Number of protein chains: 2
Amino acid sequence: MTIRYPNGKAYRQPSAAKATRSKFANVNFGDRGMSLEEELNASNTYYLENGIAVIHKKPTPIQIVKVDYPSRSAAVIREAYFQHASTTDYNGVYRGKYLDFEAKETKSKTAFPLKNFHEHQIEHMRQCLQQGGICFVIIRFAVLERLFLLRATDLNSYWDRQATGGRKSIPLADVEQLATEIHYHINPLIPYLDAVDLIMDAPSSSH
Amino acid sequence: MTIRYPNGKAYRQPSAAKATRSKFANVNFGDRGMSLEEELNASNTYYLENGIAVIHKKPTPIQIVKVDYPSRSAAVIREAYFQHASTTDYNGVYRGKYLDFEAKETKSKTAFPLKNFHEHQIEHMRQCLQQGGICFVIIRFAVLERLFLLRATDLNSYWDRQATGGRKSIPLADVEQLATEIHYHINPLIPYLDAVDLIMDAPSSSH
């Protein structure tokens, strides 16, 4: 039997999960001024401080051309250039395993463009997979405010098919089917290790 | 029975290991112009290209203050400062395990000064050990041209004893006893993963 409010709207027993989610129903995370990188850094700090995992973002590689050494002060870099990283941005250790991932977002509402990734990042994840690492990408559909963790093995299939005339993006429907959706939380903000647990605890895990 | 050369010197059957070492007997690696960092980077490239391990040096973290965007050219960093890293310099994946290490050298001939390491590096290795990572330091006595791999757990003991009046360095004799000596080779130049194998394959490994 459905219990109804005086206004006719059906009453539903709030579950703990729903309560948590509803708390965030009116919060637009995308507009809070935090980038995906900042949100992941905050999450990694939470994981570190609670002894759950040690995961850091790597510094951006920079080619330094000229450095000044003013007397009595720190060295000042006066000419330098951004370089392309030869690896992904994040790595670390969790539950005895090596974790390696990249985080990217798109404004598209229908598909995740593969051009967000670079050949050397794909290659790096392949190398890490060969060594038994756990590799994945965290992708955000910014407009939809939806976050997913997609295994590198699944990403690789789409990447390779590009070369033989395959499409240049992963349709949202495919992402929904292959990836694990991550819902924003408080601590950590992005609880992506829950999705990593699913990979690690899968019966026939190929990571 | 000892077989002797006509000059009276005893003949010894050369083992494969000795043959390798003698090949380098007259090579002064310390003067070849390569820093320990460059030697390790070359070794990591060898390991990577041969599908043995994926280990990279992290870029130096830099705080960027001012960037110019000249038309039609790449962004130029005009003011930036070196920052202290919050982790060790090297990490990666080998045989399914997370590896994390720092490399340092000393000119001392008698002991390795602990001031070569920073509190945050020690703390980072402790955190990684807790997650089941394999953590160590590669230390070089530059004048003696001797290289060792010392486990983070052993380094930690000396580090902690400093606070209660212990000595500020690890005597060479202790290093010889606790650490694994690494001999220079051709490919890779510094075959430190052989020493890591000893840690990983130890019967009661605490890493």
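Chain A is the first sequence line, chain B the second, and so forth, proteins listed ahead of strands; every chain is numbered from 1. Quick caveat: nothing in here was measured; it's all calculated off a predicted structure.
Note that CG of B:Leu36 is 7.0 Å distant from CD1 of B:Ile138, once rounded to the nearest 0.5 Å. The distance from the CG atom of B:Leu172 to the CZ atom of B:Phe112 is 11.0 Å, given to the nearest 0.5 Å. Note: A:Leu178 CG to A:Leu155 CG = 10.5 Å, rounded to the nearest 0.5 Å.
Proximity of A:Leu99 to A:Leu193: side-chain heavy atoms (C-beta onward) are separated by under 4.5 Å at one or more points.
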TODO: Show the numbers, then the answer: is there a side chain to side chain contact (heavy atoms under 4.5 Å, CB included) between A:Ile170 and A:Ile139?
DONE: CA-CA 11 Å; A:Ile170 313 174; A:Ile139 56 178; 5.8 Å; no
Task: CA sep, side-chain torsions, deciding dist, call: B:Phe141, B:Val175, side chain to side chain contact (heavy atoms under 4.5 Å, CB included) - done: CA-CA 11 Å; B:Phe141 289 86; B:Val175 171; 4.2 Å; yes
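The side-chain contact (heavy atoms from CB on, under 4.5 Å) check on B:Ala80 picks up A:Ile77, B:Ile62, B:Ile64, B:Ile77, with sequence neighbours excluded.
Heavy-atom pairs under 4.5 Å with chain B were tallied for A:Val54, A:Val76, A:Leu48, A:Val93; the largest tally goes to A:Val93.
Of the atoms belonging to B:Val65, not a single heavy atom falls under 4.5 Å from chain A.
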Give me a line-by-line list of donor-acceptor atom pairs from chain A to chain B that are under 3.5 Å apart, or tell me none exist.
| residue | atom | partner | partner atom | Å |
| --- | --- | --- | --- | --- |
| A:Gly51 | O | B:Gln131 | NE2 | 2.9 |
| A:Ile52 | O | B:Gln131 | NE2 | 3.1 |
| A:Ile77 | N | B:Ala80 | O | 2.8 |
| A:Ile77 | O | B:Ala80 | N | 3.1 |
| A:Ala80 | N | B:Ile77 | O | 3.1 |
| A:Ala80 | O | B:Ile77 | N | 2.8 |
| A:Asn91 | OD1 | B:Asn91 | ND2 | 3.0 |
| A:Asn91 | ND2 | B:Asn91 | OD1 | 2.9 |
| A:Arg95 | N | B:Gln131 | OE1 | 3.3 |
| A:Gly96 | N | B:Gln131 | O | 2.7 |
| A:Gln131 | O | B:Gly96 | N | 2.6 |
| A:Gln131 | OE1 | B:Arg95 | N | 3.3 |
| A:Gln131 | NE2 | B:Gly51 | O | 2.9 |
| A:Gln131 | NE2 | B:Ile52 | O | 3.1 |

